[in-house]
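Each remark here refers to the structure printed beneath this line.
Any value given below was found using the heavy atoms of this structure, including those in side chains, with hydrogens, waters and symmetry copies removed. When a residue number appears, it is its place in the shown sequence, counting from 1.
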Amino acid sequence: MDRFRPLRRIQVEPEPAADPPPPAATGGAGVDDAAAPAAGLLMAARVRRRSAVYRDCKGDYIGVPSDPCLTKILSKQGDNKVLFADKVLKFTQSGKMKRRILVITDFALYLVDPDADILKRRIALAAVDKLCISKLSDNFFAIIVPTEYDCLMASTRKKEIVDIIIKAIKSTSEYEPQVASSNRFEYHAAAEVIKEVEFEEAEGGVKTRIMHKAKS
């Protein structure tokens with residue numbers, strides 16, 4: 001059963017630069033921006049229809065209870081209350097896009113490789129300090145985890161994901177994570193790797209650029 005249907009395609013192409021650009025990606029696959037940090041990435045995402053913002057929230061779009069792999073992963077961690085589950089794109093340290101299944105429970109976030117049926121990362125909700133989003137109609141959001149490293153993802157259900165994370169944290173603790181809304185933000189792709197994400201309105205959508213940022 002193919003439980004990971006393709007996301008809406010995100011086009012990735014290198015920004016024109018003085019040096020020869022890296023080979024073009026095919027089929028919307030990720031491009032390693034480590035080879036050209038000055039150029040970064042340009043990602044064109046279509047503007048969502050206004051009706052999409054107000055659509056009903058289903059929560060579990062994968063069918064976790066009927067998936068043996070996901071239920072086994074959650075049971076090992078003592079989690080059984082699924083608040084959200086869906087396919088997402090996760091950006092690696094090098095800038096490549098990886099398909100992942102995001103599962104949110106009342107205690108943690110899980111990122112699962114749908115091809116290998118392997119848990120790639122578990123982030124305790126208590127470790128989440130901030131969520132970064134743009135002010136535009138794109139699909140990108142960053143989860144800031146100061147004690148580990150941050151996570152940049154893309155989903156057509158970005159607003160629902162952010163709302164569920166905030167509500168889940170508030171229900172089990174006395175604090176509410178900050179939601180930083182800006183058309184430029186930074187995140188730690190790894191302990192020693194800082195990246196900056198810029199968003200810009202463009203004809204028919206939003207341009208998103210991801211660049212390495214030199215440490216001060």
Side-chain angles (χ1 to χ4, degrees), residues 1-8 48 52-93 97-134 138-181 185 187-191 197:
M1 179 181 65
D2 183 8
R3 63 164 180 264
F4 199 111
R5 296 177 183 174
L7 279 169
R8 176 187 304 166
R48 291 178 295 169
V53 178
Y54 300 101
R55 64 188 170 197
D56 293 336
C57 297
K58 178 181 177 181
D60 182 0
Y61 298 90
I62 298 295
V64 174
S66 61
D67 190 306
C69 171
L70 295 178
T71 53
K72 182 178 180 180
I73 289 173
L74 295 180
S75 63
K76 280 187 176 181
Q77 301 293 333
D79 264 347
N80 53 26
K81 184 177 181 181
V82 176
L83 305 178
F84 179 89
D86 196 17
K87 54 190 177 292
V88 299
L89 288 176
K90 185 261 184 185
F91 292 81
T92 67
Q93 175 183 339
M97 294 183 291
K98 296 290 186 179
R99 302 193 308 171
R100 294 289 182 261
I101 289 176
L102 170 66
V103 179
I104 305 175
T105 71
D106 48 350
F107 290 108
L109 311 174
Y110 295 82
L111 285 171
V112 179
D113 183 336
D115 299 316
D117 285 339
I118 295 175
L119 175 63
K120 302 298 290 187
R121 188 178 181 189
R122 181 183 187 272
I123 304 173
L125 289 178
V128 176
D129 179 65
K130 183 168 64 174
L131 299 165
C132 294
I133 59 175
S134 80
D138 57 90
N139 298 329
F140 295 82
F141 64 98
I143 299 175
I144 308 303
V145 189
T147 56
E148 303 174 21
Y149 59 94
D150 306 328
C151 186
L152 179 67
M153 290 184 279
S155 169
T156 56
R157 296 187 170 94
K158 174 183 72 173
K159 183 180 183 300
E160 183 179 353
I161 292 171
V162 171
D163 289 344
I164 287 175
I165 292 175
I166 293 173
K167 291 178 181 177
I169 293 176
K170 287 176 64 178
S171 67
T172 57
S173 65
E174 297 180 353
Y175 84 99
E176 179 177 339
Q178 177 188 357
V179 178
S181 180
F185 60 76
Y187 75 100
H188 282 78
V197 189

4.5 Å side-chain heavy-atom contact, Asp115 and Arg99: yes
Where Met153 and Ile143 come nearest, the two heavy atoms and their spacing: CE-CD1, 3.5 Å
Nearest heavy-atom neighbours spanning Ala108 and Leu125: N-CG, 3.7 Å
Arg121 to Tyr149 six-membered ring, cation-pi geometry met (6.0 Å, 45°): yes
Gap separating the OG atom of Ser155 from the CG atom of Asn139, nearest 0.5 angstrom: 7.0 Å
Between NZ on residue Lys98 and NZ on residue Lys90, distance to nearest 0.5 Å: 9.5 Å
Straight-line distance of Leu70 CG to Ile62 CD1, nearest 0.5 Å: 7.5 Å
Donor-acceptor contact below 3.5 Å, side chain Asp60 vs main chain Val64: yes
Listed partners of Glu174 passing salt bridge (Lys or Arg N to Asp or Glu O under 4.0 Å), at least two apart: none
Polar side-chain atom of Gln178 near backbone of Leu131 as donor-acceptor pair, under 3.5 Å: no
Gap separating the OH atom of Tyr187 from the CZ atom of Phe141, nearest 0.5 angstrom: 12.5 Å
Rounded distance (nearest 0.5 Å) linking atom CD1 of Ile104 with atom CG of Leu83: 7.0 Å
Contact check, side chains of Cys132 and Ile144, non-hydrogen atoms, under 4.5 Å: yes
Min side-chain heavy-atom separation Leu109-Val103 under 4.5 Å: no
Shortest non-hydrogen contact from Asp150 toward Pro146: OD1-N, 4.4 Å
Any donor-acceptor N/O pair, Asp79 side chain to Leu74 backbone, under 3.5 Å: no
Spacing of SG belonging to Cys151 relative to CG belonging to Leu111, to within rounding of 0.5 Å: 5.0 Å
Where Ile169 and Ser173 come nearest, the two heavy atoms and their spacing: O-OG, 2.6 Å
Member of Gln77, Arg122, Arg100 meeting the side-chain hydrogen bond (donor to acceptor under 3.5 Å, both in side chains) criterion with Tyr110: Arg122
Cationic tip of Arg157 above Tyr61 ring, under 6.0 Å, 45° of axis: yes
Note: Asp163-Lys167 ion pair, threshold 4.0 Å (strictly below): no
Lys158 side chain to Asp138 backbone, donor-acceptor under 3.5 Å: yes
Contact summary for Ser66 and Gly63, nearest pair of heavy atoms: OG-O, 2.9 Å
Ile123 and Val128: CA distance, side-chain angles, deciding distance, side chain to side chain contact (heavy atoms under 4.5 Å, CB included) verdict: CA-CA 8 Å; Ile123 304 173; Val128 176; 4.0 Å; yes
Non-hydrogen atoms of Ala154 and Phe91 that approach each other most closely: CB-CE1, 4.0 Å
Candidate pair Lys81 and Thr105, rule side chain to side chain contact (heavy atoms under 4.5 Å, CB included), full reasoning: CA-CA 6 Å; Lys81 184 177 181 181; Thr105 71; 5.5 Å; no
